[in-house]
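Below, each value reflects all heavy atoms present in this structure, side chains not excepted, and no hydrogens, waters or symmetry copies. One-based numbering, in listed order, for ligands and for the atoms of each.
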Amino acid sequence: MNLQTEDEKKLIQQHLDDLLQNCPRCQKEEDLKLVMKAFNLANEAHKGVKRKSGEPYIIHPIEVAKIVASEIGLGAKAIASALMHDVVEDTDYTVDDIERLFGPKIASIVDGLTKISGVFDANSSLQAENFRKMLLTLTDDIRVILIKLADRLHNMRTLDSLALHKQLKIAGETIYLYAPLAHRLGLYNIKSELEDLSLKYRYPKVYEEIKELITDSEKRRMQHINRFSLPIIQKLEENNIDFEINGRPKSIYSIWKKIQTKNVAFEDIYDLLAIRIVFNPYPHIPEKTQCWHIYSLITDIYKPKPDRIRDWVSTPKANGYEALHATVMGPNGQWVEVQIRSRRMDEIAERGFAAHWKYKDVDTTTQENELDKWIKRVREMLENPESNALEFLDEFKLNLFSSEIVVFTPKGETKTLPKGATALDFAYEIHSEIGNKAIGAKVNHKLVPLSYKLNSGDQVEVITASTQKPVIESLAQVVTAKAKSAIKSALKAETKNRIEKGRQAVESALTALGIQPSSRVFKKILPAYDVLSKDELYSKVGSGIIVLTDLKKILKKNTPNKWIRYWGLQFNKTNLRKKDKRHIDLEDEDDNQAKFDFRKPYLLTESTDTQSASYLVAKCCNPIPGDEVIGYLTEEENVIIHKATCAEAIRIMSQYGNRIVTAKWTTHKILSFLARIEIKGMDRIGILSELIKVISDELQVNIRKLSIESHDGIFESWIDLYVHNISDLNNLIMNVMKIKGIDNVNRIEKFDD
Ligand code: MN
């Protein structure tokens, strides 16, 4: 059966010839043989298949290969892989077939491309996971990513033939992930084109409008550029410099972005001139020196803006970009940006990573380049088993977009970090153990906290202590994905440790009491220690927050059914110049908290000896946990607790200063306290039932007494409640206030029951 018409064959041949002519790195005979072999296989495999546009499918892989060859600058193996990138995915050929015919390297690239195809289908978390997988291929061969970008670029160039919803989906992914990735890999041209094409499909009107405006103003812009450039051209020629000078075109997308974010008119952006000087360097003189020489010649003509020099010659950007940027005052009194680059720098800027390879041997420095470092960082992130796909994606994207700062180690090595990075980020950048043990830092020899935000050029020295461990707050002090994931895994390990330690302690304490750990036993223990789960109990025991000394008592006691918070008081007998902690225990016999009268004296147990004392809540102010309180020590060694602001307390203090003890609420003990609130509002049918509902919905509150009066349409009520602390009470008051018709709720301090 004839699957290709003569016309189709002709068309395919045209595209193939075009590829071979635009393929500087496949001119050797063996390379050409390889490319042709790959083409023949792909052509055979896709035979009879058509794209949505109606053209033979093989045109797509040929075009992808052409981008790989001429726009990214990769060699024969990558071109062969690009030609076969859809073969395993869409036809009967397997990776094994490719390996048999082309060897393991090409087979693994095609395999990588097959695995990441269809990356962005289904739901977002899967998408993130797939993107992560795609980046994982960075560890194998960067060419997989580069070919994938070429594939995406060609799909964007031919997006017209797809249905609208597909166009939008693909354009969306492109701007969200592929363009930033291209940027990160230093593929400036591909990034720009992806952005423009994405804009074209997402906002076709805007795109066309800006395009028209550019065409209209092009002539005027060229006149400006010429007038500005002429003196520079003369000067550089006088100095025998071999160079090209261009007005740097702005992309449609970048103009749109500026209009959006800076809220300025098209003219304001487009009239901002920028020119680029690309020179062929003299041998044996550092390119950096030559850049600065040109800079000095230009600033002989035009005055520079001192704070606008960007020196990416001494310290390249993380994506490998090198250039010297300056802004000078042009003849019309307007600022013009001038970029100065050598031919090599220009190629790196335009073609990114692939150009790095080309110049790698030329590069005399043995330092790994910035991009290698970046790939290493991504790899480290990916290899962290704790990292969650979505979280990873967010952080990765953050790292893609953020601009960078360059700081120095004490030995003068440079480290590239995202803008906003802290001293702690720097510590983790060096090593996760340095980060974990960091307690402070010296920036430019001055002591600073770990949260200190670094600036470009800072010299940073980390101070560590072997006993230091990361805490949850550390997470708020870092911005890099590397530091975040290191802290998270340290915290996780720490928690695991603590839980294990606590579990052993709880189990041995129970064993000592002759009790088998069972769910019935934990049902009693957990509320008694105010924890919600076994793990929380273990963790708190493990870290020493909970001490198990009263375990026996808890297990003997009948616990109320409800989860309740225990409170206690901590006394500081200033008159005795001694600080004792006392725990308050409840009497055992009660099983229903609502029956308690908490203003009876309760037993106070001192932690050091068995001497006991009791305390009373003063009726003049009825303090509850959370209130600032003081204690008055009676002659019978009872303590009466007053609110610190209580008038009665102030009177006592002035008279019996030596009997005042400071008192502080502590968590973990005691049940409820009585408080009274007064409620006023407009009476209406149903207001009472609503009020009761709000109060009973508050889990931690029980009503003890209730009084309601209604006259002349005014509703007045007071309610005595058992609450555990001030925040319970405040919550309740807030919720009561929300009831329609209620316009006043107050806590009443002085009352008798
Ligand atoms: Mn494809």
Side-chain angles (χ1 to χ4, degrees), residues 8 11-12 15-16 18-19 22-23 35 38-72 74 77-95 97-98 102 106-122 127 130-131 133-135 137 140-163 166-179 181-182 185 187 190 193-194 197-198 201:
E8 282 171 349
L11 184 74
I12 294 167
H15 279 269
L16 180 65
D18 196 29
L19 165 66
N22 285 288
C23 185
V35 170
F39 164 76
N40 286 328
L41 182 140
N43 192 25
E44 196 56 40
H46 294 299
K47 200 166 245 175
V49 183
K50 296 212 167 32
R51 294 193 90 201
K52 279 264 155 41
S53 61
E55 38 171 41
Y57 193 87
I58 187 70
I59 304 282
H60 165 64
I62 295 175
E63 286 303 307
V64 173
K66 204 167 98 189
I67 294 168
V68 164
S70 67
E71 294 180 50
I72 305 180
L74 297 181
K77 278 203 181 88
I79 293 160
S81 305
L83 283 166
M84 298 187 288
H85 79 268
D86 281 332
V87 162
V88 173
E89 172 81 4
D90 296 342
T91 76
D92 293 336
Y93 283 87
T94 63
V95 174
D97 295 333
I98 307 280
F102 292 89
I106 289 177
S108 92
I109 295 174
V110 173
D111 188 32
L113 284 159
T114 306
K115 280 184 185 140
I116 63 174
S117 77
V119 147
F120 296 100
D121 287 338
Q127 178 173 314
N130 281 330
F131 188 69
K133 274 190 207 140
M134 166 165 140
L135 290 164
T137 59
D140 306 335
D141 196 317
I142 187 82
R143 280 177 285 191
V144 175
I145 300 287
L146 295 171
I147 296 168
K148 186 69 201 169
L149 277 168
D151 184 26
R152 173 52 57 124
L153 180 58
H154 186 247
N155 285 334
M156 285 301 290
R157 284 176 183 172
T158 52
L159 206 54
D160 261 335
S161 43
L162 292 190
K166 281 201 171 158
Q167 289 179 346
L168 290 175
K169 178 175 175 284
I170 292 173
E173 293 159 7
T174 299
I175 201 67
Y176 185 72
L177 292 172
Y178 284 95
L181 188 60
L185 294 171
L187 297 158
I190 289 180
E193 192 179 343
L194 286 175
L197 286 168
S198 171
Y201 288 97

**Prompt:** Can you tell me if an N/O/S atom from His60 lies under 2.8 Å from the Mn ion (ligand 1)?
**Reply:**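 So His60 does bind the Mn ion (ligand 1) by this criterion.
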**Prompt:** Short check: any N/O/S atom of Glu89 below 2.8 Å from the Mn ion (ligand 1)?
**Reply:**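 Of the N, O and S atoms in Glu89, none lies under 2.8 Å from the Mn ion (ligand 1), which means no.
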**Message:** Go through it in stages, so that I can follow the logic: the residues are Ile59 and Ile12, the test is side chain to side chain contact (heavy atoms under 4.5 Å, CB included), and I'd like the CA-CA distance, side-chain angles, deciding distance and then a yes or no.
**Reply:** CA-CA 6 Å; Ile59 304 282; Ile12 294 167; 4.1 Å; yes
**Asked** Do His60 and His85 have ring centres separated by under 6.0 Å?
**Response**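 Between His60 and His85, the centre distance is under 6.0 Å.
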**Request:** Please name all residues satisfying side-chain hydrogen bond (donor to acceptor under 3.5 Å, both in side chains) with Thr174, sequence neighbours left out, ordered by chain then number.
**Result:**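 Checked Thr174 against side-chain hydrogen bond (donor to acceptor under 3.5 Å, both in side chains); matches are Arg152.
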**Asked** Looking at Asp86, which of its N, O or S atoms is the nearest one to the Mn ion (ligand 1)?
**Response**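 Output for this pair reads OD2.
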**Request:** Would you mind naming the N, O or S atom of Asp151 nearest to the Mn ion (ligand 1)?
**Result:**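 For Asp151, the N, O or S atom at the smallest distance from the Mn ion (ligand 1) is OD1.
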**Prompt:** Tell me, which pairs form a salt bridge (charged side-chain N to carboxylate O under 4.0 Å, His left out) where one or both residues lie in residues 41-53, sequence neighbours left out?
**Reply:**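 Sorted pair list: Glu8-Lys50, Glu44-Lys47.
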